[in-house]
Amino acid sequence: MTALTSTTINSLEDLRAVTQAFFDDQKVTAKQIINVQTQELPARIIAFTYYGNSELGSNIAQLNDEINVSNLVGNIDILTA
């Protein structure tokens with residue numbers, strides 16, 4: 001096995017730093033499912049609260065395997081934006 005040159009080692013260290021920064025950024029910006037407690041509310045109101053768009057209420061209902069979008073209550077899952 002051949003020893004690595006200092007240039008190669010420096011390049012690998014730079015690559016590692018850039019890669020780690022990329023993964024750290026992805027972790028921060030990646031969508032995640034969070035669980036929230038809610039009183040009985042229509043899915044559209046919950047969607048407006050979390051996304052600023054009531055049209056996404058059906059997405060919340062689907063994520064929670066709920067057919068009735070009129071009233072969600074208790075612990076529900078929300079996909080973070």
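- Applying the salt bridge (charged side-chain N to carboxylate O under 4.0 Å, His left out) definition to pairs two or more places apart or across chains, those involving residues 45-73 are Arg44-Glu55.
- Without hydrogens or angle criteria, Tyr51 side chain to Leu79 main chain gives a donor-acceptor distance under 3.5 Å.
- In this structure, Ile46 is a member of the same hydrophobic cluster as Ile33, with clusters built from ILVMFWY side-chain heavy atoms closer than 4.5 Å.
- Between Gly57 and Ala43, the shortest heavy-atom distance links the atoms O-CB, 3.3 Å.
- For Gln37, there are no side chain to side chain donor-acceptor pair (under 3.5 Å) partners at least two apart in sequence or on another chain.
- Between Leu56 and Ile60 there is no side-chain heavy-atom pair separated by less than 4.5 Å.
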With a 3.5 Å cut-off and sequence neighbours excluded, list the donor-acceptor pairs that the side chains of residues 7-19 form with protein atoms.
from  : atom 1 : to    : atom 2 : distance (Å)
Thr8  : OG1    : Thr5  : OG1    : 2.9
Asn10 : ND2    : Ser6  : O      : 3.3
Ser11 : OG     : Thr7  : O      : 3.0
Thr19 : OG1    : Leu15 : O      : 2.8

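- A pairwise comparison of heavy atoms in Ala47 and Ser54 identifies CB-O, 4.1 Å as the closest pair.
- Applying the under-4.5 Å side-chain rule to Ile, Leu, Val, Met, Phe, Trp and Tyr, the cluster around Phe48 consists of that residue alone.
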> Can Tyr50 and Thr80 be said to form a side chain to side chain contact (heavy atoms under 4.5 Å, CB included), step by step?
Replying inline: CA-CA 8 Å; Tyr50 284 92; Thr80 61; over 6 Å; no

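- Gln39 is linked by a side chain to side chain donor-acceptor pair (under 3.5 Å) to nothing, counting only residues two or more places apart in sequence or in another chain.
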Only pairs under 3.5 Å count here: list side-chain donor-acceptor contacts from residues 68-77, not counting sequence neighbours, and write none if there are none.
from  : atom 1 : to    : atom 2 : distance (Å)
Asn68 : OD1    : Ser70 : N      : 2.8
Asn68 : OD1    : Ser70 : OG     : 3.2
Asp77 : OD1    : Asn35 : ND2    : 3.0

